[in-house]
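Heads up, the thing below is written out as structure tokens.
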Amino acid sequence: MSAGLKACGALLALFSAIIFMWMVTPTEQTLAAVFPNVIIMSGFGSEQIDPISFDNNSLPELPAAQASRFNGIYQFDPMFYHKSLDRFIPWESRDKTHIFSCTLFCGPMNTSAKEVKLALVHTSPGEKRNLWYLLEFADEDANSPIVIARTKFRKEATYRVPWMTVTPGGEIKPRDLLDVHLITGWDAFRFDTPLKWGFTVAFVALIALLCHSRKDKDD
């Protein structure tokens with residue numbers, strides 16, 4: 001192998017390691033941290049979405065193609081601020097809230113306003129009541145923050161939770177968003193599928209084979 005290829009391989013490995021560490025770093029410096037630094041939203045775009053305003057007023061239907069803009073990478077943002085956030089989450093409840101801002105490959109549905117923010121928000125409105133919201137914030141918008149979708153309640157804080165549409169209430173019932181889910185770098189350490197087990201075994205076998213071949217060459 002030439003020196004150039006070795007250098008490229010080393011740079012690629014270093015870059016991959018940096019990206020991976022950026023994704024899996026916990027949001028808190030404690031062993032009890034429940035979320036990593038980066039969350040990937042996936043699955044929007046297969047069906048229409050019916051957003052509502054923060055005060056439960058119906059908004060125009062969002063076509064599936066436009067809803068796909070919500071897919072992408074969201075990073076933990078402890079300094080997140082928007083003047084309309086207090087309409088939805090009171091300031092005194094912010095300590096129970098984790099906010100992840102849209103960072104890469106995602107975007108809001110409002111593309112004309114100057115200051116628009118898209119964020120994943122995890123909050124705990126009560127004991128053993130944890131859920132996520134996908135919210136869009138816009139200046140000079142009486143409906144802001146716009147609620148795009150939410151998850152079902154869970155007793156524990158987790159990103160592995162089913163998503164559903166939002167409704168203004170009444171006789172309108174929410175729909176399950178079966179294709180929508182959150183992915184994190186932590187999933188790489190969750191051996192819950194045959195594919196992950198197979199990849200791990202193959203990786204370990206490859207490392208062992210490389211070490212054995214190098215030892216034979218030295219001998």
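Every value quoted in this text rests on a predicted model; they were computed, and no experiment measured them.
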Response to the item:
Sorted by chain and residue number, the side-chain contact (heavy atoms from CB on, under 4.5 Å) partners of Leu131 (sequence neighbours excluded) come out as Thr123, Pro125, Tyr133, Arg150, Thr151, Phe153
Worksheet item: Any sub-3.5 Å donor-acceptor pair from Trp132's side-chain atoms to Thr158's backbone N or O?
Response: yes
Item to complete: Find out whether Lys96 and Ile89 are in side-chain contact, i.e. whether some heavy atom of one side chain is under 4.5 Å from a heavy atom of the other.
Response: no
Practice prompt. Could you note down all residue pairs passing side-chain hydrogen bond (donor to acceptor under 3.5 Å, both in side chains) where residues 40-54 supplies at least one of them, sequence neighbours left out?
Written response: Ser46-Asp179, Glu47-Arg175, Gln48-Glu61, Asp50-Arg175, Ser53-Asp55
Discussion item. If you compare all heavy atoms of Arg87 against all heavy atoms of Ala142, which two are closest, and at what distance to 0.1 Å?
Written reply: NH1-O, 3.5 Å
Worksheet item: Taking C-beta and beyond as the side chain, do Met23 and Ile39 meet within less than 4.5 Å on heavy atoms?
Response: no
Discussion item. I'd like to know if Trp91 and Leu135 are part of one continuous hydrophobic network [Ile/Leu/Val/Met/Phe/Trp/Tyr, side-chain heavy atoms within less than 4.5 Å].
Written reply: no
Worksheet entry | Thr103 side chain to Ser101 backbone, donor-acceptor under 3.5 Å | yes
Worksheet entry | Whether Asp77 side chain and Phe80 backbone form a donor-acceptor pair below 3.5 Å | yes
Discussion item. Just verifying a value: how many Å separate Arg160 CZ and His181 NE2, rounded to the nearest 0.5 Å?
Written reply: 10.0 Å
Item to complete: First locate atom CD1 of Ile40, then atom CD of Gln75, and finally report the distance between them rounded to the nearest 0.5 Å.
Response: 12.0 Å
Worksheet entry | Ser144 versus Ser84, closest heavy-atom pair with distance | OG-OG, 2.8 Å
Discussion item. Are the side chains of Leu118 and Met109 in contact, using a 4.5 Å heavy-atom criterion?
Written reply: no
Discussion item. In this structure, would Tyr74 and Val161 fall into the same cluster of hydrophobic residues linked by side-chain contacts under 4.5 Å?
Written reply: yes
Worksheet entry | By side-chain contact (heavy atoms from CB on, under 4.5 Å) - contacts of Asn110 (at least two apart) | Ser112, Ala113, Val116, Glu136, Ala138
Item to complete: State yes or no: do Leu134 and Ile49 share one hydrophobic cluster built from I, L, V, M, F, W and Y residues joined by side-chain heavy-atom distances below 4.5 Å, directly or via other members?
Response: yes
Discussion item. In the structure I gave you, are the side-chain heavy atoms of Ile146 and Leu59 within less than 4.5 Å of one another anywhere?
Written reply: yes
Discussion item. Check whether Asp176 reaches the backbone of Leu178 with its side chain - one donor and one acceptor, N or O, closer than 3.5 Å.
Written reply: no
Worksheet item: Do side-chain atoms of Ser68 reach the backbone of Ala65 as a donor and acceptor pair under 3.5 angstrom?
Response: yes
Item to complete: Walk me through it: do Arg69 and Thr111 pass the test side chain to side chain contact (heavy atoms under 4.5 Å, CB included)?
Response: CA-CA 11 Å; Arg69 293 176 54 85; Thr111 58; 3.5 Å; yes
Practice prompt. For Arg129, enumerate each residue passing the side chain to side chain donor-acceptor pair (under 3.5 Å) test, keeping only those at least two apart in sequence or located in another chain.
Written response: none
Practice prompt. Answer with yes or no after comparing the ring centroid distance for Phe76 and Phe100 against a 6.0 Å cut-off, counting only values under it.
Written response: yes
Item to complete: Name all pairs fulfilling the disulfide bond (SG atoms under 2.5 Å apart) condition that reach into residues 113-153, sequence neighbours left out, sorted by first residue then second.
Response: none
Discussion item. Do Thr184 and Phe35 make a side-chain contact, defined as non-hydrogen atoms from C-beta onward lying under 4.5 Å apart?
Written reply: no
Worksheet item: Is the CD atom of Gln29 crowded by more than 12 outside heavy atoms at less than 6.0 Å?
Response: no
Worksheet item: More than 12 heavy atoms of other residues, nucleotides or ligands under 6.0 Å from CD of Glu28: is that the case?
Response: yes
Fill in: Check: Ile52 and Asn57 side chains under 4.5 Å, non-hydrogen atoms
no
Worksheet entry | Under 3.5 Å donor-acceptor, Trp186 side chain and Val24 backbone | yes
Fill in: Working for salt bridge (Lys or Arg N to Asp or Glu O under 4.0 Å), residues Glu140 and Lys83
CA-CA 10 Å; Glu140 312 305 328; Lys83 60 184 180 182; 3.5 Å; yes
Worksheet entry | Heavy-atom side-chain proximity of Thr165 to Leu177 below 4.5 angstrom | yes
Worksheet item: So if you build clusters from Ile, Leu, Val, Met, Phe, Trp, Tyr with side-chain heavy-atom gaps below 4.5 Å, do Met21 and Leu14 land together?
Response: no
Worksheet item: Between Asn37 and Thr27, is there a donor-acceptor pair closer than 3.5 Å when you use the side chain of the first and the backbone of the second?
Response: no
Fill in: Partners meeting side chain to side chain donor-acceptor pair (under 3.5 Å) with Ser124 (sequence neighbours left out)
Asn130
Worksheet item: Taking the six-membered ring for Trp, are the ring centroids of Phe137 and Phe54 within less than 6.0 Å of each other?
Response: no
Worksheet item: Would you find a donor on one side and an acceptor on the other, under 3.5 Å apart, between the side chain of Lys117 and the backbone of Tyr81?
Response: yes
Worksheet item: Is the closest side-chain heavy-atom distance between Val180 and Met41 below 4.5 Å?
Response: yes
Worksheet item: Under the 3.5 angstrom rule, does the side chain of Thr97 hit a backbone N or O of Ser93 as a donor-acceptor pair?
Response: yes
